[in-house]
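All ligand and atom numbering here is 1-based and tracks the order in the structure. Note that the numbering runs from 1 along the sequence shown for the chain.
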Amino acid sequence: MSIIFHEKTKVFHLQNNAISYIMMVLPNGQMGHLYFGKKIHDREDFGDLLETAPRPMSSCTFEGNKSFSLEHIKQELPSYGTGDYRSPAVEVRQENGSRISSFQYHSHHVGSGKPKLPGLPATYVEDKAEAETLVLDLYDDVAGIWAEAFYTIFAEGGVIARSVRYINKGSQPVQLSRAMSLCLDLPDCEYDWVQFSGVWARERHLKSRRLTMGIQSVGSMRGNSSHEHNPFVILKRPDTGERHGEAIGFSFVYSGNFLMQAEVDGHDNTRVLVGIHPDTFEWQLGLKESFQTPEAVMAYTDLGLNHLSQAFHKLFQKRLARGYWRDRVRPILINNWEATYFDFTEEKLVHIAEKAKECGVELFVLDDGWFGARSSDHAGLGDWAANKERLANGITGLAERIEGIGMKFGLWFEPEMVNKDSDLYRSHPDWILQVPGRPNTHGRNQFVLDFSRAEVVDCIYEMMAKILREAKVSYIKWDMNRSITECFSQAYGPKQQGEIFHRYILGVYDLYERLTSEFPEVLFESCASGGGRFDPGILYYAPQGWASDNSDAVERMKIQYGTSMCYPISSIGSHVSVVPNHQMFRNTPLHTRANVAYFGTFGYELDLNKLTEEEIEEVKGQIAFMKEYRSLLQFGTFYRLKSPFEGNEMAWMAVSEDKKTAVVGWYRILNAVNGAFTRVKLEGLCGEFCYENSQDGSKHYGDELMNFGLITSDATAGQQPENQAPCTDYESRIYVLKAIG
Ligand code: GLA
């Protein structure tokens, strides 16, 4: 890896063995973009890649020169109003009302490693040799604003991380009304735009369309990254598939309002912007003050989408997630939510835990309803102390009993919210986000605490920390069950109301940071009505997240498949729940529910006492299986093989680092009579190894399994097979392949 600077031509070339990222100082002093893609040879002068040409009717920078127009030139930190009519990366509103700015190159420095972003989640290095960072110092001398543009290239893989820090060195305060984290201008538009979108209980479905002239975007203005859109987008060549082809993935390490967009201009240039959503953002930059944007991460591959996902998995698992649990297999848990909802007593919970312990479950999680006056979703949020009528011995007593059974104990919190029927609200009615004189919108009967205020965060911290100090709590499920409305803080003046969304999320990060620092061995799982805040920002604090409130196995196939495009399997919270399923009312076989949940953190969301003896035996087998293979499933190399968005079958697999063991999951949604022969071409095996198949003991070389495929046809041909259970709808199988000899 190296960052080369050609003094004469003012060209910067960031490269490692996979990629090149090239830019230069333009004749007008701004930074121009030249190339991002597969590694290319270095040379002194890449100026011709700018592709300037006389465009008769364009707005041009230099009098008498019709070739240099910012309208067409690929740039690094473009602004609006000096010739470029595309969406800008930055907008500075100055005291005189002007929004025109132009950031010029001043100097730069290169350092090994990667600096931290204060107060914000970001990728990191453990050893300085893992990455190099270029910082460009750019300035707008009229406004007196400086921009430090950070570019980190990692030694391995196709990843570049970017962010910008703005500093007011001028003599007047300004307002940042747009501060995107990344701008990438690409020289053509031959791409499919792939996004991961949905709604509550249908998160991160893969949706794709061809780029065309104009703007296509995803984003959130809900205060969280949202169920609707995820801060991850892929631009892929139209013929790129899982196994081959070019693609660039863009990910935003942030949990609040975001915008990701691609704008194609009339000459087929594509501008990608990633950052905080400018429609809900303004930041006052007083004298000597600075503003740090969150980090955006982009990755290039020419080896297909599986390869792209693996790059994100590795980065996010090893250099974004942190702490005690980062590299540890995740405990198999049982959560009481779907088993009891609000209707529980200490005895009932212990009864559920005891049966789970008998089956091999390691962690019991008490969900919503244990605190304050919380007997429904109308009351109690904000009062984080046990309800003694329900739990006479408090959380301390219950946790001790659970530990006494031989299990760990986990607890649900929703720290950012309050019900009006709560002691917290009664004593601090001004602590919620609300606009004076206007009605306030609720969501699930709850209101949003003003986390932009330090005293609010302090108060919640004290309540949570007290419980964690007193009781043996090993896990926290941190929920957030509504989007933000009426985003207005009583603590800030009129000019700063545009800062509240961002200050709110900084407050969330602050609380996470304090809790994870004081209780480093507590495992945090994030949740927002399921997958409403499943993003890289949260992964920095909570290494796993509840992927969706939809626990139906068939629905989970699409949700987890879409999620796997960016997020590591160890981060995907997935459980076996009861049938008929509580969201879909569908009956799926117990083995299929587990076969889907294995590709995640794994656990149960039901009362095992209600299962038959036969089912309990099956559950014991599932837990034993997960314990044996979870290290491979959660930390192995993951491949998607067949997409549930394209047909009736889905398949995926995980391979161990030494390629000696692989676990393949195969799933068929509806059964077919006398169906076709089916097989799945596997990936990532060693062609030279001979593997034994756990399903039937057959032996095949890796090259055969990867080129002919693993045979998945079955006996169902319109009649009951002899000595075999017939296949039904929602059939699935797990194949364990082990290298022999
Ligand atoms: C959200 C979560 C659920 C559960 C409930 C409790 O919906 O996603 O898993 O914790 O809240 O109210």
(request) Would you please indicate yes or no on a ring centroid separation below 6.0 angstrom for Y667 and W652? (result) yes
(request) Determine whether the aromatic ring centres of W478 and Y541 lie less than 6.0 Å apart. (result) no
(message) Before we go on, tell me: are the rings of Y254 and H502 under 6.0 Å apart, centre to centre?
(response) yes
(request) With salt bridge (charged side-chain N to carboxylate O under 4.0 Å, His left out) as the test, would you mind laying out the steps for R322 and E513 before giving the verdict? (result) CA-CA 11 Å; R322 301 174 298 169; E513 187 68 40; 3.2 Å; yes
Using a cut-off of under 3.5 Å, which N/O atoms of ligand 1 pair up with protein N/O atoms, and what distance separates each pair?
unit_1: ligand 1; atom_1: 7 (O); unit_2: N481; atom_2: OD1; d: 3.4
unit_1: ligand 1; atom_1: 7 (O); unit_2: D549; atom_2: OD2; d: 2.9
unit_1: ligand 1; atom_1: 8 (O); unit_2: G530; atom_2: N; d: 2.9
unit_1: ligand 1; atom_1: 8 (O); unit_2: D549; atom_2: OD1; d: 2.4
unit_1: ligand 1; atom_1: 8 (O); unit_2: D549; atom_2: OD2; d: 3.1
unit_1: ligand 1; atom_1: 9 (O); unit_2: K477; atom_2: NZ; d: 2.7
unit_1: ligand 1; atom_1: 9 (O); unit_2: D549; atom_2: OD1; d: 3.4
unit_1: ligand 1; atom_1: 10 (O); unit_2: D367; atom_2: OD1; d: 2.6
unit_1: ligand 1; atom_1: 10 (O); unit_2: D367; atom_2: OD2; d: 3.2
unit_1: ligand 1; atom_1: 10 (O); unit_2: W412; atom_2: NE1; d: 3.1
unit_1: ligand 1; atom_1: 10 (O); unit_2: K477; atom_2: NZ; d: 3.0
unit_1: ligand 1; atom_1: 10 (O); unit_2: D479; atom_2: OD2; d: 3.3
unit_1: ligand 1; atom_1: 11 (O); unit_2: D479; atom_2: OD2; d: 2.9
unit_1: ligand 1; atom_1: 11 (O); unit_2: N481; atom_2: ND2; d: 3.1
unit_1: ligand 1; atom_1: 12 (O); unit_2: D368; atom_2: OD2; d: 2.6
unit_1: ligand 1; atom_1: 12 (O); unit_2: R444; atom_2: NH1; d: 2.8
unit_1: ligand 1; atom_1: 12 (O); unit_2: R444; atom_2: NH2; d: 2.9

(message) Going by side-chain contact (heavy atoms from CB on, under 4.5 Å), L449 matches just one of L433, L424, L381. Which one?
(response) L424
(message) Centroid separation under 6.0 Å, is that true for the rings of F342 and W337?
(response) yes
